[in-house]
Amino acid sequence: MSSSNGDITVKYPGGKSEKVSPGITVAELAAQISPNFLNQLIAAKVDGKPVDLAYKLARDVDVEFLKPDSEDGHEILLHSTAHLMAQAVKRLYPNTQVTIGPAIENGFYYDFDRDEPFTDDDLAAIEAEMQKIVEENIPVQRQEIPRNDAIELFRSMGENYKVEIISEIDEKETISAYRQGEFIDLCRGPHLPATGKAGAFKLLSVAGAYWRGDERNKMLSRIYGTAFPTKKELKKYLNMLEEAKRRDHRKLGKELDLFSFHDEAPANAFFHPKGTTVYNLIMDTVAQSNLRYGYQEVNTPLIMNVSLWHQSGHYDNYRENMYFTKVDDKDFAVKPMNCPGHLLIFKSTPRSYRDLPVRMSEFGRVHRHERSGVTHGLFRVRTFVQDDAHIFCTEDDIQKEVGLVLDQIFEIYRTFGFDNVHVELSTRPEKSIGSAEVWEKSEAALEAVLKDKAIEYKLNPGDGAFYGPKIDFHILDSLGRSWQCGTAQLDFSMPEQLGISYTGEDGQDHTPVMIHRAVVGSLERFMGILIEHYAASFPLWLAPIQVKLLPIADRHFDYTDQIASRLLKAGFRVEVNRKNEKIGQKVRQAELEKVPVMLIVGDKEIENQQVSVRRHKQGDAGAMSLDELLEQLLNEIREKAH
RNA sequence: GCCACCCUAGCUCAGCUGGUAGAGCAAUGCUUUCGUAAAGCAUAGGUCGUCGGUUCGAGUCCGACGGGUGGCUCCA
């Protein structure tokens, strides 16, 4: 589509355009602006498609130049660094087969097939070899190869995985490979123009991974790494990883005596007194809120006859994750979810439309047998308590009820210091039950709620549960990590399955809609998230020990005890440090324990009938009377200040 | 479940190529009674995850089991 004089038109994102001769490469185009500009580029997008700098323009196109600090550019940088690593691996370990090596969020990986899997100790050598290849500054060249030639090429190199991949590529697609020196890899591209363009990189870990993620396939050896345009950015990322490690709830949980794990009950948390305090505070916060939002709390058995689980469908769909037991020769199951129990309660009495909506909540302990390799601290355990609830209502109530659920969820997240929440709406999956009409209606209802409340959300088409669409809530913690916690799911299936009904205005029986909802989800997991979010420096209202009293010398014990007992009576969680230590050491201990308020008591305080206040991480806050302090602290707690 | 790595005192960790355990912190005792992130001295504490094997001899080598850590969707 070139113009009459043979030139083609190139349009840039800013709206500017120019005419150039066909056949010009992206690099040449950039060089016209300035050689220095070209030097900053690593690739480009032509008509929205990422291409190499060597890409030749043949017709009128939109061109966007890519630097490595853009999102698309960074992805290319990561991908090229993966190739760089593969080249280094092939140099060091020639009888290794390469498989795939994509860019991922925050990094890249490459899977290798090798008799001897890689260990952490190999990483340094591979990194050094990568650095050498960067210094060699080898040009990276794209080659388009006819299908059969490509198969022949990779077969002759003994790269059987590549051959397998090629044979699965769509007939219509062009097959391309990228060569850098002696290394050639099947790849769609684009890539950096030369290895010298690689930024700062680091190899992070090795892991096993199945070929194509399928556990029936061979286990390959995967190396993870990351790369950034500059050393500074790499360092920033590595610091963030260090910070995450420092905040790891498993580490802090042990250090601060919150909980422990034992071989006698793998992947099940034992909460110590301090951990139990935080755990109960989370539960109380939700329970209080539930009351305000019109929920009625219930309590259902842990173990129920297996027939119930046949009825609910859990036996067929969830059996692998359930615990079973035999009592009096009858088969029972330990509940993995609370819904069937709630349905039994609903069913236990005749219900009228006047009773709806029924909002039934339970802090229900569930047991799920997670596979041994997937458990992780408090984040993934085999028994946990859900702040579960089920709302039974009519189809017309859906919008209003879901609206209330949303309000409550946002309110509670704010209380815990999470202001940044992502919302996702998932719609009908391919495998689903229920009529198209009901699905449309309920999806529309959920969407209407979100629009009505002007909540931004991401749509996940086809990601809903088989029984209904859902809204998921992800909170962002202080390190910017995202955690899925709350959920609101519509369910048209289970009420019918268990035969629950209410009498309508028309005197007929109707099946109510059920909304499953959880705010914090798993209390265990939420506590883990909270620990990492606050780095265990909990706000006053959540801290397991709120006030630590630090007498200067033994003769101050009596006055200290008086203060302590007054604080206890006012409802505070208090400890006194009676060790034979200097005040500096007592302060240090209290700081390490992350106690929000330290009270130093000595001769001066006794004489003035005061306490000297020190706040965690802030330092000396001066002396004041106990009454003054109490007012301050009680106020802070009432507001649940962060 | 699968792959790699790890398991030594309450905690964090030393212990080289096998010769039968060590530090710091914590704990306890004594001295000290001290003003906002570590006082001094002393004492006690481990069948080196469990079981089996190799060896004259195993924390150390081999195997099984238990527990843990990082991974196992992100498709050349």
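Throughout, a chain's letter reflects where its sequence line sits, starting with A, and its residues are numbered from 1.
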[atom1] spacing across the pair [N] / [M], given as an integer number of angstrom:
N: B:U50; M: B:G68; atom1: C1'; result: 15 Å
N: B:G53; M: B:G59; atom1: P; result: 15 Å
N: B:A23; M: B:U17; atom1: C1'; result: 24 Å
N: B:G57; M: B:A38; atom1: C1'; result: 44 Å
N: B:A42; M: B:G49; atom1: P; result: 30 Å
N: B:C61; M: B:C16; atom1: P; result: 9 Å
N: B:U8; M: B:G46; atom1: C1'; result: 8 Å
N: B:A9; M: B:A27; atom1: C1'; result: 11 Å

Sidechain N-carboxylate O distance under 4.0 Å for [X], [Y]:
X: A:E233; Y: A:K236; value: no
X: A:D561; Y: A:R578; value: yes
X: A:E581; Y: A:K586; value: no
X: A:R91; Y: A:E129; value: yes
X: A:R212; Y: A:E164; value: yes
X: A:D47; Y: A:K49; value: no
X: A:E591; Y: A:K617; value: no
X: A:D554; Y: A:K579; value: no

Measure [atom1]/[X] against [atom2]/[N] and give the value in whole Å, please.
X: A:K617; N: B:U36; atom1: NZ; atom2: C1'; answer: 18 Å
X: A:Y109; N: B:G70; atom1: OH; atom2: P; answer: 19 Å
X: A:Q484; N: B:U73; atom1: CD; atom2: C1'; answer: 16 Å
X: A:K218; N: B:A4; atom1: NZ; atom2: P; answer: 12 Å
X: A:N460; N: B:C74; atom1: CG; atom2: C1'; answer: 14 Å

Just name whichever nucleotide pairs with [N], Watson-Crick or G-U, keeping both distances under 3.5 Å, else none.
N: B:G45; answer: none
N: B:U60; answer: none
N: B:G18; answer: none
N: B:G66; answer: B:C7
N: B:U73; answer: none

Could you tell me whether [X] contacts a base, only the sugar-phosphate backbone, or nothing, with contacts defined as non-hydrogen atoms closer than 4.0 Å?
X: A:L550; result: nothing
X: A:I552; result: base
X: A:A103; result: sugar-phosphate
X: A:S221; result: nothing
X: A:K582; result: base
X: A:H376; result: sugar-phosphate
X: A:A150; result: nothing
X: A:G373; result: base
X: A:E173; result: base
X: A:Y224; result: sugar-phosphate

[X] side chain: which of [options] is closest?
X: A:A553; options: B:U33, B:U36, B:G68; value: B:U33
X: A:R222; options: B:G1, B:G71, B:A39; value: B:G71
X: A:I583; options: B:A37, B:G35, B:C3; value: B:G35
X: A:K579; options: B:A27, B:C34, B:A39; value: B:A27
X: A:E581; options: B:G68, B:A39, B:C11; value: B:A39
X: A:R250; options: B:A37, B:C75, B:G70; value: B:G70
X: A:I600; options: B:U69, B:U36, B:G71; value: B:U36
X: A:D620; options: B:C72, B:U36, B:A38; value: B:U36
X: A:V374; options: B:C74, B:U36, B:C72; value: B:C72
X: A:D554; options: B:C34, B:U33, B:U36; value: B:U33

Handout entry: Candidate list A:L599, A:I600, A:V576, test side-chain contact (heavy atoms from CB on, under 4.5 Å), partner A:T560, passing option
Key =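 Among the candidates, only A:V576 passes.
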
Tell me if the side-chain of [X] makes a donor-acceptor pair with the base of [N], cut-off 3.5 Å, by modelled atom types.
X: A:R614; N: B:A37; answer: yes
X: A:D257; N: B:C11; answer: no
X: A:E605; N: B:G35; answer: yes
X: A:Y210; N: B:G1; answer: yes

Check whether any side-chain nitrogen or oxygen of [X] sits under 4.0 Å from OP1 or OP2 of [N], and answer yes or no.
X: A:K254; N: B:U12; value: yes
X: A:R212; N: B:U73; value: no
X: A:R588; N: B:C25; value: no
X: A:S205; N: B:G71; value: no
X: A:Q585; N: B:U32; value: no

Problem - No-hydrogen, no-angle side-chain donor-acceptor test under 3.5 Å, A:T487 and A:D472 - result: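 Yes, because at least one side-chain N or O of A:T487 sits under 3.5 Å from a partner of the opposite role on A:D472.
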
Problem - 5' priority, RNA chain B, between A:E591 and A:F118 [closest heavy atom] - result: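 Its nearest nucleotide being more 5', the pick is A:F118.
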
Problem - Which residue lies more 5' along RNA chain B, comparing A:N580 with A:K604 via nearest heavy atoms - result: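 Whichever sits nearer the 5' end wins; that is A:N580.
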
